[in-house]
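I have placed the structure first, in the form of structure tokens, so that the comments after it can refer back to it.
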Amino acid sequence: MNDPLHMDGKGPKVPPSYPPRTPPPQKKPVEAPRPQPSTKPVTSSLPLPGPRQARLDTRRPRMAIRDRRAANWALQAYPWTGAQAVRKVTETVRAWGYAYPEDDALERTVRLLVDAAAADKGRRISVHVADQEDMLLVVVLSHTSAGPDDTLLSDLAALPGTTSCGTNASDEGRRMWAVLSTERPCALRADRQQASAVNEPATTTIRL
């Protein structure tokens, strides 16, 4: 039996035929801005770069040869790698038009560098050659860590045509290089004698 309808002054109350509308959720209040620190945090790292500034890098730079002729080869550290490197370097230097250093001096330089790199017992080595202002730069990397070798530098400095040489450690392993002059050996000796004569004090011989 149906429930009786409730009556009031305006008539009977009829129940709604649909569910009441759900009220909308309340809006999230606006969050107040967070306070900014008065001082910048102190860190041990380098400052971040600006919008158009390059990021500073504290790692050791990799070797890069730019704005000059250059060639490089990645070789396996085999006993015959020295002869292979000598052939590639000599062909490249002659193709660039250099007649000096002579083949013997160039071969001895490359073999010293390659043999020293192979002695570091890495799996591979890389050979680089470049020229600038009538000078040749020959660089060999062993791609493994090793200590300096003073004997190598002495042997390189004793070769004819060598103007400078060096070795250091890098991210690519031990790096060894020699700078060679492309002038004729007699002209190079004359320039060195003239330079030494300028540095020596002048003497006068008086016959009695």
Side-chain angles (χ1 to χ4, degrees), residues 43-49 53-183 185 188:
T43 60
S44 59
S45 60
L46 294 175
L48 294 177
Q53 295 178 349
R55 182 181 295 271
L56 297 176
D57 195 350
T58 58
R59 296 177 301 175
R60 292 179 179 178
R62 299 174 65 88
M63 190 184 72
I65 301 176
R66 301 185 180 93
D67 301 331
R68 68 190 73 179
R69 290 183 295 187
N72 62 85
W73 306 271
L75 307 174
Q76 298 294 327
Y78 293 136
W80 56 84
T81 301
Q84 186 180 4
V86 168
R87 183 177 68 255
K88 292 181 178 296
V89 172
T90 303
E91 292 175 353
T92 301
V93 171
R94 299 297 178 246
W96 289 346
Y98 294 113
Y100 299 94
E102 297 179 345
D103 290 352
D104 179 65
L106 193 58
E107 177 181 359
R108 292 167 63 186
T109 300
V110 175
R111 281 191 176 273
L112 279 175
L113 294 171
V114 172
D115 291 345
D120 292 344
K121 298 181 179 180
R123 297 181 59 183
R124 64 187 180 92
I125 65 172
S126 58
V127 181
H128 304 255
V129 60
D131 72 327
Q132 185 177 17
E133 299 178 354
D134 296 331
M135 305 292 286
L136 290 175
L137 170 66
V138 183
V139 184
V140 178
L141 296 105
S142 64
H143 297 283
T144 185
S145 58
D149 187 357
D150 296 335
T151 304
L152 171 65
L153 299 182
S154 300
D155 294 340
L156 288 173
L159 294 178
T162 302
T163 60
S164 65
C165 57
T167 178
N168 67 347
S170 68
D171 290 342
E172 300 169 295
R174 187 158 71 117
R175 180 165 49 200
M176 299 152 283
W177 74 90
V179 178
L180 309 177
S181 173
T182 59
E183 297 181 0
L188 182 61

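Note that the structure is a prediction, hence the values are computed from the model and not measured. What you see below is based on every heavy atom in this structure, not just the backbone, and it leaves out hydrogens, waters and symmetry mates.
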| query | Got V179 and L136 here, is their nearest side-chain heavy-atom distance under 4.5 Å? | reply | no
| request: Supply the atom-to-atom distance D103 CG to R94 CZ, rounded to the nearest 0.5 angstrom. | output: 4.5 Å
| If you take all heavy atoms of A116 and M176, which pair is closest and at what distance? | CB-SD, 3.7 Å
Scan the side chains in residues 74-87 for donor-acceptor partners under 3.5 Å anywhere in the protein, sequence neighbours excluded, and list what turns up.
from: T81; atom 1: OG1; to: Q76; atom 2: O; distance (Å): 2.5
from: T81; atom 1: OG1; to: Y78; atom 2: N; distance (Å): 2.8
from: T81; atom 1: OG1; to: Y78; atom 2: O; distance (Å): 2.9

| query | What pair of heavy atoms forms the shortest contact from S142 to I125, and how long is it? | reply | CA-CG2, 4.3 Å
| said: Using only atom types and a distance under 3.5 Å, with no angle test, would you say the side chain of T163 pairs donor to acceptor with the backbone of S181? | reply: no
| message | Could you tell me if the side chain of W96 sits less than 4.5 Å from the side chain of V129, heavy atoms only? | response | yes
| Can N72 and V127 be said to form a side chain to side chain contact (heavy atoms under 4.5 Å, CB included), step by step? | CA-CA 5 Å; N72 62 85; V127 181; over 6 Å; no
| field | Point-to-point distance, once rounded to the nearest 0.5 Å, from CZ of R123 to OG1 of T144 | value | 11.5 Å
| Heavy-atom side-chain contact between L156 and W177 under 4.5 Å | no
| query | Below 4.5 Å, heavy atoms only, C-beta onward: do D134 and Y98 meet side chain to side chain? | reply | yes
Validation: residues 104-115 side-chain donor-acceptor distances under 3.5 Å, sequence neighbours left out:
from: E107; atom 1: OE2; to: R111; atom 2: NE; distance (Å): 3.2
from: T109; atom 1: OG1; to: A105; atom 2: O; distance (Å): 2.9

| request: Calculate, to the nearest 0.5 Å, the distance between atoms CZ and CG belonging to R175 and L141 respectively. | output: 6.0 Å
| remark: Minimal heavy-atom distance between A71 and T92, with the atoms involved, is CB-CG2, 4.1 Å
| task | Nearest 0.5 Å please: distance from the OG atom of S145 over to the CG atom of D171. | result | 12.0 Å
